[in-house]
Amino acid sequence: MLRSLVIGCGWAGEGYVNALRAAAVEVALCGRSPEPARAAADRLGVAELRLDWASAIDELRPDIVAIATPGGSHRAIADHAAARGCHVICEKPLGRDADEAAGMLAAVRSAGVRHAYGANTRYADVLVQARDLLAAGAIGDLREIEVVDHFDFPPLMPYSWLHSLAEGGGMLFNVYPHVLAQAQFVSGGRAAWAFGLAERVLDRVPVGSPVHDFRAWAPMTEAEAAGAEWRQNDADLAATVITGIELPDGRQVRALFHASAFGAGRHPGYLALYGTEGTLHLLDQPWFSGLQLRRASDDRWEDIPVAAVDDRIQAGWNRLVAEFVADVAGEGGGGYPTFDDGLLANQLIDQVRAAGAQPSVG
């Protein structure tokens, strides 16, 4: 049986623990803060818990290390794991800039280990259906891709790693890698360039209790915020990016991505594919619960049946990890996102940041 170490005890850590177990891999867990780490280990039934990732890698020598921490620690962990001969799967963003990501890619290549990148939302069943419909000519030739997502966070969400670029926070680091992977997968293309706008939106953020699991992140009251310490936010809480995607037939299409931590649209987030003969509309981005088709010759929207999935988020982690584990075990596989894809995302993010973030507006 292959052995693994999952580093990080939050939402992503739980996702990798469940996915690795589903792939028949033995799991140990490592966290940073003792009480939340022990609570996560107890909840998930993981017997082997460590509190120092470097010594855990050195002593346990797992076959696979899954990095499920915020982005600020990714390079140190990946480099250390690769140097010990561990295969590595890392959450997005791969690095905090392209230089860091390139160093991580060089480390795993030099060590000769397998590497995967956590763009797990590209495994949604609906994306496969949309890709097949596109390939079958359901909307003619692809012209444009559009992705919009608003998270509707209240302004008084307490300070967390999401508010720090050094920790891998912001929309570009945490949303753009997902939608980029989705657009490339469904179109069969490869991104070539990007430009856009990244906005901080908020200058300062109140400090509350530490956030150990993103699902437990809850707003503060006005009274709590008034009496709290406030910290500077330097992460982009809204971002708009136009990306050029080169298709297999040599054409290039533009993809528009917009993500904001705030606001509620009249409709849920979506991914739309606009073609010469119609439109495919994927509902509830990034996990996609529905698919609609509108043909240019008909003004009706047709609902396309989609498979029922109990937990679409966990299903994405399960499929990514299953492909990676099969490859590590020498049973085939491949086709999963790798550090090469993570580096490309970082390169495009750097292109957007090179234009300079806009000042806050509130």
Side-chain angles (χ1 to χ4, degrees), residues 119-152 171-172 174-198 238-260 263-307 312 316 337 341 344-345 348-349 351-352 355:
N120 58 325
T121 64
R122 87 113 169 104
Y123 283 88
D125 284 331
V126 186
L127 279 175
V128 177
Q129 290 179 261
R131 181 193 61 181
D132 292 345
L133 284 166
L134 185 63
I139 61 170
D141 292 331
L142 182 64
R143 281 178 167 169
E144 299 176 40
I145 301 172
E146 181 179 78
V147 187
V148 175
D149 207 1
H150 287 266
F151 292 90
D152 196 23
M171 295 291 106
L172 286 178
N174 291 282
V175 180
Y176 181 68
H178 279 301
V179 296
L180 175 66
Q182 293 165 6
Q184 291 184 129
F185 174 76
V186 75
S187 68
R190 186 79 170 166
W193 51 264
F195 71 90
L197 184 68
T240 303
V241 182
I242 296 176
T243 302
I245 297 182
E246 304 244 347
L247 300 180
D249 63 9
R251 292 183 303 115
Q252 187 177 101
V253 297
R254 287 167 176 78
L256 170 65
F257 304 119
H258 176 71
S260 172
R266 183 169 179 267
H267 303 290
Y270 63 89
L271 185 155
L273 302 166
Y274 301 105
T276 56
E277 298 176 21
T279 300
L280 282 168
H281 191 84
L282 286 69
L283 307 173
D284 297 323
Q285 197 279 336
W287 300 107
F288 303 121
S289 64
L291 175 62
Q292 296 177 329
L293 168 64
R294 179 185 181 277
R295 304 180 194 278
S297 57
D298 188 347
D299 62 2
R300 293 182 305 106
W301 286 96
E302 174 189 351
D303 288 321
I304 306 297
V306 299
R312 295 180 184 278
D341 299 288
L344 176 60
L348 297 170
I349 290 170
Q351 289 179 21
V352 175

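Computed from a prediction, not measured in an experiment: that's the story for all the values here.
For the residue pair Asp125 and Ala307, the shortest heavy atom distance occurs at OD2-CB, 4.1 Å. The nearest pair of heavy atoms linking Gln252 to Ala192 is NE2-CB, 4.3 Å. Among all heavy-atom pairs drawn from Ile245 and Ala183, the shortest one is CD1-CB, 3.8 Å. The shortest heavy-atom contact between Val352 and Gly196 is CG1-C, 3.9 Å. Heavy atoms only, all atoms of each residue included: Trp287 and Ala124 are closest at O-CB, 4.3 Å. Scanning both residues, His281 and Trp301, for their nearest heavy atoms gives CB-CZ3, 3.8 Å.
Ion pairing between Asp341 and Arg122 fails under the 4.0 Å rule for side-chain N and carboxylate O.
Under the 4.5 Å side-chain criterion, counting only non-hydrogen atoms from C-beta, Pro286 is in contact with Asp149. By the 4.5 Å heavy-atom criterion applied to side chains, His150 and His258 are counted as neighbours. Counting only heavy atoms from C-beta outward, the side chains of Thr240 and Phe195 never approach each other to under 4.5 Å. Residues Val147 and Tyr270 fail the side-chain proximity criterion, which asks for heavy atoms closer than 4.5 Å. Between Tyr274 and Ile139 the shortest side-chain heavy-atom distance does not fall below 4.5 Å.
At distances below 3.5 Å, at least one donor-acceptor pair connects side-chain atoms of Gln351 with backbone N or O atoms of Ala194. Side-chain atoms of Gln182 do not come within 3.5 Å of backbone N or O of Leu127 as any donor-acceptor pair. Judged purely by atom type and a 3.5 angstrom limit, Thr276 uses its side chain to pair as donor or acceptor with the backbone of Asp141. Checked by atom type and distance alone, the side chain of Gln129 pairs as donor or acceptor with a backbone atom of Pro305 at under 3.5 Å.
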| CA sep, side-chain torsions, deciding dist, call: Arg294, Asp298, side chain to side chain contact (heavy atoms under 4.5 Å, CB included) | CA-CA 7 Å; Arg294 179 185 181 277; Asp298 188 347; over 6 Å; no
| task | Starting from the C-alpha separation in whole Å, work towards a yes-or-no answer on side chain to side chain contact (heavy atoms under 4.5 Å, CB included) for Phe185 and Val128. | result | CA-CA 8 Å; Phe185 174 76; Val128 177; 4.1 Å; yes
| request: Starting from the C-alpha separation in whole Å, work towards a yes-or-no answer on side chain to side chain contact (heavy atoms under 4.5 Å, CB included) for Tyr176 and Thr243. | output: CA-CA 11 Å; Tyr176 181 68; Thr243 302; 2.8 Å; yes
| message | Using side chain to side chain contact (heavy atoms under 4.5 Å, CB included), reason through Leu291 and Leu133 one step at a time and then give a plain yes or no. | response | CA-CA 11 Å; Leu291 175 62; Leu133 284 166; 3.9 Å; yes
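From Glu146, atom CD reaches atom CG of Leu271 across 9.0 Å, with rounding to the nearest 0.5 Å. Interatomic distance, CZ of Phe151 versus CG of Asn174, reported as 9.0 Å (0.5 Å rounding). How far OG1 of Thr279 is from CD of Glu144: 9.5 Å, rounded to the nearest 0.5 Å. Taken from CG in Leu247 to CD in Gln184, the straight-line distance is 11.0 Å, to the nearest 0.5 Å. Distance CD/Glu277 to CZ/Arg143: 9.5 Å, rounded to 0.5 Å. Separation of atoms CG (Leu283) and CG (Asp303) is listed at 8.0 Å; rounding is to 0.5 Å.
A donor atom on one side chain and an acceptor atom on the other are not found under 3.5 Å apart for Trp193 and Glu246.
Among Ile304, Leu282, Leu280, Asp284, the single residue meeting the side chain to side chain contact (heavy atoms under 4.5 Å, CB included) criterion with Val126 is Leu282.
Atom CZ of Arg254 is surrounded by 12 or fewer heavy atoms from other residues, nucleotides or ligands within 6.0 Å.
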